[in-house]
Amino acid sequence: MELIIEEISRGHKLLGRHKINKNNVKIGRGYNNDIILTDPHVCPEHLSLNYDGENWTVSDQNTINGSFLETNKHSADQHVVSSGDVICLGKTQIRLVFPNHPVPQSVTFSPFESLISSTRHPAIIISAMLLFTFVAGFLFYLNNSTKVTFTQLLVPAVGMTLLFCLWPSLVALISHLTKHEARIMNQLGISFVFFNLMWISDVFESIVKFNVSSNWSFAGLITLLPIALAFCLFWLNCYVGFHMTKRRRLTVAFSLTAILFGSSFLIQLSHKPDFNPMPRYNGTIMTPNFLITSSSTTSRFLKDSAQLFDKARTAAEKK
């Protein structure tokens, strides 16, 4: 009878699968085994599986660390195998499955998964990275008070782009090291799409603050937009690079977002003096073209100011 032996992690992630078509299977670190494990806590001849024509039976070969069932931690020696049983050998786990073991139904590709897959297209990645480089260079130009050449703008812009490439590359590397699919192209595409969305959110936030009063509640709420974008980016990084539950994915994304913005807030708070003898007005200076509603003329402003002073004078005389 055929037997499928799966090497799995502690979280039941599949690491390797073998289909055996013989009545006796040997498992251990020795090279004479049918299944060769690398765990140093596993003996050279650790376990044997024997088929008697009706059932598979586990036999522990008097090993140092023993063999145990995952369900109840009892010794697996002379255990009659049921399909799906997990046996612990040292720090290694194997799952024994019969060929007729049921599998979950196939999952169709959702529009969301198709959208994620489209981000790996070279045209999207190149376009997103070029847009990011252009915006970074433009910001360097705006923040530079002296005349600069194209090369002087290009070098820091490209440097910042390469610096931001480290994040998706790091996620892909961790995914590869943890035996997941790296999907480096997907990570690059998703990350730079969200990096550009964060540029757009900064512009939108500046326009909103330019058009509304600083004590308006919406002006404060709009600052949550980059936090939401960062959370979505981390969530998608986990979705693409790792096989994890929805709850764990949300926890990881929330934790990374809290670390990023929490540490940034603490750094700003630590550099903020208790008392500034030379206060500066922190206002957003933009051209009138960014006003959502048209501004009043000078004569209208003077007339409204005069009326305001008249009202204040009348109220003062009444008191």
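Numbering starts at 1 and runs along the sequence shown.
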| Could you go step by step and tell me if L69 and H79 meet the side-chain contact (heavy atoms from CB on, under 4.5 Å) rule? | CA-CA 9 Å; L69 299 174; H79 171 72; 3.7 Å; yes

| said: side-chain contact (heavy atoms from CB on, under 4.5 Å), that's the test. Do I8 and V86 meet it? Break it down for me. | reply: CA-CA 9 Å; I8 60 176; V86 176; 4.0 Å; yes

| message | One pair to check against side-chain contact (heavy atoms from CB on, under 4.5 Å): S175 and R183. What are the steps and the verdict? | response | CA-CA 9 Å; S175 178; R183 300 179 72 177; over 6 Å; no

| query | Would L250 and F231 satisfy side-chain contact (heavy atoms from CB on, under 4.5 Å), going step by step from the backbone distance to the final call? | reply | CA-CA 9 Å; L250 289 172; F231 176 84; 3.8 Å; yes

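Other residues, nucleotides and ligands place more than 12 heavy atoms under 6.0 Å from the NE2 atom of H101. By the 6.0 Å contact criterion, CZ on F254 is open, its count of non-hydrogen atoms from other residues, nucleotides or ligands being 12 or less. Atom CZ of F150 has 12 or fewer heavy atoms from other residues, nucleotides or ligands within 6.0 Å. No more than 12 heavy atoms of other residues, nucleotides or ligands sit less than 6.0 Å from atom CD1 of I64. Residue-environment remark: CZ (F134) stays at or below the threshold of 12 foreign heavy atoms within 6.0 Å. The local environment of NZ in K303 is sparse, with at most 12 non-hydrogen atoms from other residues, nucleotides or ligands closer than 6.0 Å.
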Output a table of donor-acceptor pairs, distance under 3.5 Å, between side-chain atoms of residues 242-249 and any protein atom two or more places apart or on a different chain; print 'none' if there are none.
from : atom 1 : to   : atom 2 : distance (Å)
T245 : OG1    : R248 : N      : 3.2
R249 : NH2    : M244 : O      : 3.0

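Of all non-hydrogen atoms in P168 and L188, the two that sit nearest each other are CG-CD2, 3.6 Å. Of all the heavy atoms in G28 and V42, the pair that sits closest is CA-CG1, 4.0 Å. What you find for A172 and A182 is that their closest heavy atoms are O-CB, 3.6 Å. Across G30 and I36, no two heavy atoms sit closer than the pair O-CG1, 3.7 Å. Contact between L229 and F194 at its shortest, heavy atoms only, is O-CD2, 3.5 Å. Here the closest non-hydrogen pair linking A253 and W235 is CB-N, 3.7 Å.
With hydrogens and angles left out, the side-chain atoms of Q152 and Y141 include no donor and acceptor closer than 3.5 Å.
The CD1 atom of I5 sits 12.5 Å away from the NZ atom of K19 when rounded to the nearest 0.5 Å. If you take SG on C238 and CG on L256, they are separated by 6.5 Å, rounding to the nearest 0.5 Å. Rounding to the nearest 0.5 Å gives a distance of 9.5 Å between CG of L115 and CD of E113. A distance of 10.0 Å separates CD1 of I200 from CG of L225, quoted to the nearest 0.5 Å. To the nearest 0.5 Å, the span separating CZ on F234 from OG on S191 amounts to 9.0 Å. Atom OG of S201 and atom CD1 of I227 lie 10.5 Å apart (nearest 0.5 Å).
In this structure, the side chain of H46 engages the main chain of C43 through a donor-acceptor pair within 3.5 Å. The backbone N or O of I116 lies less than 3.5 Å from a partner atom in the side chain of N186, making a donor-acceptor pair. A donor-acceptor pair under 3.5 Å is absent between the side-chain atoms of H41 and the main chain of D39, judged by distance alone. When atom types are taken as modelled, the side chain of N196 and the backbone of W199 share no donor-acceptor pair closer than 3.5 angstrom. Under a 3.5 Å cut-off, the side chain of N33 and the backbone N or O of I35 do not form any donor-acceptor pair. Using modelled atom types, no side-chain atom of D77 and backbone atom of S59 make a donor-acceptor pair closer than 3.5 Å. Counting only distance, with no hydrogens or angles, the side chain of D52 and the backbone of N55 share a donor-acceptor pair below 3.5 Å. Of the possible donor and acceptor atoms, none in the side chain of R29 sits under 3.5 Å from a partner among the backbone N and O of L37. Side chain of E6 to backbone of L15: no donor-acceptor contact under 3.5 angstrom is found. The closest donor-acceptor contact from the side chain of T161 to the backbone of A157 lies under 3.5 Å.
With contacts defined as side-chain heavy-atom distances shorter than 4.5 Å, the pair F192/I124 does not qualify. Residues L96 and L49 are in side-chain contact: their nearest non-hydrogen atoms beyond the backbone lie under 4.5 Å apart. Within the 4.5 Å cutoff, the side chain of E70 has heavy atoms near those of the Q93 side chain. Put simply, the side chain of W56 reaches to within 4.5 Å of the side chain of L3, judged on heavy atoms. The shortest side-chain heavy-atom distance between L89 and I94 falls under the 4.5 Å cut-off. For the pair R17 and E7, the minimum side-chain heavy-atom distance is 4.5 Å or more. T63 is not listed as a side-chain neighbour of L47, based on a closest heavy-atom distance of 4.5 Å or more. In this structure, Y51 and N24 have side chains that are not in contact, with every pair of non-hydrogen atoms separated by 4.5 Å or more.
With respect to the salt-bridge test (charged N to carboxylate O, under 4.0 angstrom), the residues K26 and E45 do not qualify.
At a threshold of 4.5 Å between side-chain heavy atoms, the hydrophobic network of Ile, Leu, Val, Met, Phe, Trp and Tyr places F98 and I27 in one connected group. Both L197 and I125 belong to a single network of hydrophobic side chains, linked directly or stepwise wherever heavy atoms of I, L, V, M, F, W or Y lie under 4.5 Å apart. In the hydrophobic clustering of ILVMFWY residues, with side-chain heavy atoms under 4.5 Å counting as a link, I4 and V25 come out apart. Residues L139 and V155 are members of separate hydrophobic clusters, defined by side-chain heavy-atom contacts under 4.5 angstrom among Ile, Leu, Val, Met, Phe, Trp and Tyr. With hydrophobic clusters built from ILVMFWY side chains whose heavy atoms lie under 4.5 angstrom apart, I259 does not share a cluster with I174.
Only one option out of S75, S48, S67 pairs with D60 in a side-chain hydrogen bond (donor to acceptor under 3.5 Å, both in side chains); it is S67.
Aromatic ring orientation, F195 versus F164: perpendicular (interplanar angle above 60°, classes split at 30° and 60°).
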